[in-house]
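Since the structure comes first, as structure tokens, the remarks are kept for the end.
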There are 2 protein chains.
Amino acid sequence: MDKDIFTKLLRERGQRFTKERFVILQKALSYDGHFDPETLYLQIRKTGSKASRASVYRTLSVLRECGVIQQVAKTEHGTVYERTYGHRHHDHMLCVQCGDILEFYSEELEKIQENICKKQGFQGSSHTLEIRGYCKKCRKKKK
Amino acid sequence: MDKDIFTKLLRERGQRFTKERFVILQKALSYDGHFDPETLYLQIRKTGSKASRASVYRTLSVLRECGVIQQVAKTEHGTVYERTYGHRHHDHMLCVQCGDILEFYSEELEKIQENICKKQGFQGSSHTLEIRGYCKKCRKKKK
DNA sequence: ATAGTTGCAAAATATTTGCATTTAT
DNA sequence: ATAAATGCAAATATTTTGCAACTAT
């Protein structure tokens with residue numbers, strides 16, 4: 001996302017463009033999959049850019065409110081976010097042991113949901129499906 | 001769940017029956033819907049029974065491992081659990097206008113999820129599906 | 001008798017907040 | 001000029017843990 005679009009998004013909400021916010025935005029969008037605040041913060045430090053932990057947390061909230069990212073889950077290792085801006089819909093499997101999150105998408109699943117809604121006269125606009133359990137690795141460890 | 005069944009469950013795991021664990025079990029099962037550790041703890045105190053916060057956390061872990069309850073989500077207010085023992089599963093439709101929640105169940109949906117898990121080597125133990133949108137009533141009002 | 005469990009208080013972890021300083025507009 | 005954002009350190013909130021005392025088996 002370029003600087004101008006971001007500035008506009010912020011303006012609409014009476015907020016200001018800052019270097020820190022831009023750095024955080026870019027890092028957040030750079031993740032193809034999932035990320036958490038602490039990892040993002042450490043990576044920003046490593047690349048020499050500057051932004052405090054507090055700003056990371058504050059900016060991630062802003063980005064969520066703008067619809068640029070979304071909260072996927074809270075785990076023992078912190079909140080997991082993912083980019084929504086320019087990404088297509090999918091669902092999640094969450095390993096309750098190691099906190100790993102797998103993405104999946106099923107056209108069939110989507111279709112059935114549409115049908116269920118139709119039957120009930122419900123106009124669905126979005127959904128969240130999270131399957132919890134044990135991933136392949138942790139499943140083996142359990143035995 | 002009665003004392004004997006619970007004792008047996010614990011025995012199988014080399015664990016002991018205690019008054020504290022029983023109080024916590026009963027309270028956990030008393031919730032029809034969702035609950036969190038802190039609420040459960042405070043309600044136990046209020047009713048005069050005794051069990052420390054530490055025991056609540058420790059016992060909820062045990063109950064989860066026994067499959068009596070399951071972790072539904074982590075939120076800013078703590079971990080949310082729900083009873084699984086003797087309950088049947090369903091999903092939710094949430095009307096974003098009036099806040100109404102409709103429950104539904106689809107065998108088809110369950111089957112497909114099982115298949116998806118199998119393909120990924122994931123051992124699913126539970127899931128949450130929330131469809132958001134407009135219920136019949138609010139849909140009419142919109143027009 | 002002994003191995004597991006409890007309660008307490010301290011520690012660990014993730015996140016939020018107050019405030020003085022800096023910065024975008 | 002001024003209203004908003006920053007960084008820091010302190011505060012919060014939830015959960016975990018070490019340990020001495022207690023208790024189920």
Side-chain angles (χ1 to χ4, degrees), chain A residues 3-4 6-25 27-28 34-45 48-66 69 71-81 96-99 101, chain B residues 3-25 27-28 34-45 48-66 69 71-81:
Chain A
K3 207 170 147 168
D4 292 344
F6 186 42
T7 306
K8 211 177 127 200
L9 264 179
L10 291 167
R11 276 269 169 74
E12 282 164 9
R13 309 166 32 88
Q15 295 179 310
R16 292 174 183 177
F17 176 92
T18 65
K19 316 178 212 39
E20 289 84 357
R21 284 185 173 159
F22 194 50
V23 166
I24 295 165
L25 167 77
K27 186 57 80 181
H34 301 140
F35 65 92
D36 62 275
E38 183 66 12
T39 306
L40 187 142
Y41 168 70
L42 292 175
Q43 293 201 356
I44 283 178
R45 303 242 84 176
S49 319
K50 76 171 233 299
S52 67
R53 224 177 231 108
S55 286
V56 167
Y57 279 101
R58 287 188 279 231
T59 300
L60 291 181
S61 288
V62 172
L63 294 182
R64 184 159 59 77
E65 286 160 26
C66 293
I69 60 177
Q71 197 177 295
V72 169
K74 287 200 146 215
T75 72
E76 22 297 322
H77 318 294
T79 301
V80 179
Y81 290 96
V96 297
Q97 182 120 109
C98 69
I101 298 176
Chain B
K3 210 169 143 167
D4 293 346
I5 300 183
F6 187 40
T7 306
K8 210 177 127 203
L9 264 178
L10 291 167
R11 276 268 170 72
E12 282 166 9
R13 306 163 38 84
Q15 296 179 308
R16 292 174 183 179
F17 176 91
T18 65
K19 317 177 212 41
E20 290 84 357
R21 283 185 174 160
F22 194 50
V23 166
I24 295 165
L25 167 77
K27 186 57 82 183
H34 299 149
F35 66 92
D36 62 275
E38 182 66 13
T39 306
L40 188 142
Y41 168 70
L42 292 175
Q43 293 202 357
I44 283 178
R45 303 242 86 179
S49 321
K50 73 171 235 300
S52 68
R53 224 178 232 107
S55 286
V56 167
Y57 278 101
R58 286 189 279 229
T59 300
L60 291 180
S61 288
V62 173
L63 294 181
R64 182 160 61 76
E65 285 160 24
C66 294
I69 60 175
Q71 195 177 296
V72 169
K74 288 200 148 218
T75 71
E76 24 296 324
H77 319 297
T79 301
V80 180
Y81 291 96

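All values below were derived from every heavy atom in this structure, side-chain atoms included, with hydrogens, water molecules and symmetry-related copies excluded. Protein chains get the first letters and strands the later ones, always in sequence-line order, with residue 1 at the start of each. Just so we're clear, the structure is a prediction, and the values are computed from it rather than from any experiment.
Inter-residue side-chain proximity for Leu40(B) and Ile24(B) is flagged as met; some heavy-atom pair is nearer than 4.5 Å.
The OH atom of Tyr41(B) sits 14 Å away from the P atom of dT6(C) (whole-angstrom rounding). Summarising the geometry, the separation between CG on Leu60(B) and P on dT5(C) is reported as 15 Å, rounded to the nearest angstrom. Rounded to an integer number of Å, the gap from CZ of Phe22(B) to P of dT23(D) is 19 Å. Remark: C1' of dT5(C) and CG of Leu63(B) are 15 Å apart, rounded to the nearest angstrom. Per the geometry, CZ belonging to Arg13(B) stands 14 Å off C1' belonging to dT5(C), to the nearest Å.
With sequence neighbours excluded, the residues that form a side chain to side chain contact (heavy atoms under 4.5 Å, CB included) with Ser52(A) are Ala54(A), Ser55(A). Legend: residues meeting side chain to side chain contact (heavy atoms under 4.5 Å, CB included) with Val80(B), ordered by chain and number and at least two apart, are His34(B), Val72(B), Thr75(B). Applying the ring pair (Phe, Tyr, Trp, His ring centres under 6.0 Å) test to His77(B) and every residue at least two apart in sequence or in another chain returns nothing. Qualifying salt bridge (Lys or Arg N to Asp or Glu O under 4.0 Å) partners for Arg53(B), counting only residues two or more places apart in sequence or in other chains: Glu38(B). Under the side chain to side chain contact (heavy atoms under 4.5 Å, CB included) criterion, Glu20(A) pairs with Thr18(A), Lys50(A), Ala51(A), sequence neighbours left out. In terms of the side-chain hydrogen bond (donor to acceptor under 3.5 Å, both in side chains) criterion, Ser61(A) has no residue partners (sequence neighbours excluded). Remark: Glu76(A) engages no residue in a side-chain hydrogen bond (donor to acceptor under 3.5 Å, both in side chains) (not counting sequence neighbours). For Phe17(A), the side chain to side chain contact (heavy atoms under 4.5 Å, CB included) partners are Lys3(A), Phe6(A), Thr7(A), Leu10(A), Phe22(A), not counting sequence neighbours. In this structure Arg45(A) satisfies the side-chain hydrogen bond (donor to acceptor under 3.5 Å, both in side chains) test together with Tyr41(A), sequence neighbours excluded.
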Below 3.5 Å is the cut-off: list the nitrogen or oxygen pairs between protein and nucleotides 21-25 of chain C, distance only.
from: dA24(C); atom 1: OP1; to: Lys19(A); atom 2: NZ; distance (Å): 2.9
from: dA24(C); atom 1: O3'; to: Phe17(A); atom 2: O; distance (Å): 3.2
from: dA24(C); atom 1: N3; to: Arg16(A); atom 2: NH1; distance (Å): 3.0

Can you tabulate the close N/O pairs, meaning under 3.5 Å, that link protein atoms to atoms of nucleotides 14-21 of chain D?
from: dT15(D); atom 1: OP1; to: Thr79(B); atom 2: N; distance (Å): 2.8
from: dT15(D); atom 1: OP1; to: Thr79(B); atom 2: OG1; distance (Å): 2.6
from: dT15(D); atom 1: OP2; to: Tyr57(B); atom 2: OH; distance (Å): 2.4

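With axes fitted over five pairs at each extremity, the angle between the ends of the helix from dA1(C)-dT25(D) to dT25(C)-dA1(D) is 30° (10° resolution).
Of the two residues near DNA chain C, Gly14(B) and Val56(B), the one whose nearest nucleotide lies more 5' is Gly14(B).
Of the inter-residue distances, the one linking Thr39(A) atom OG1 with Ile44(A) atom CD1 reads 11.0 Å to the nearest 0.5 angstrom.
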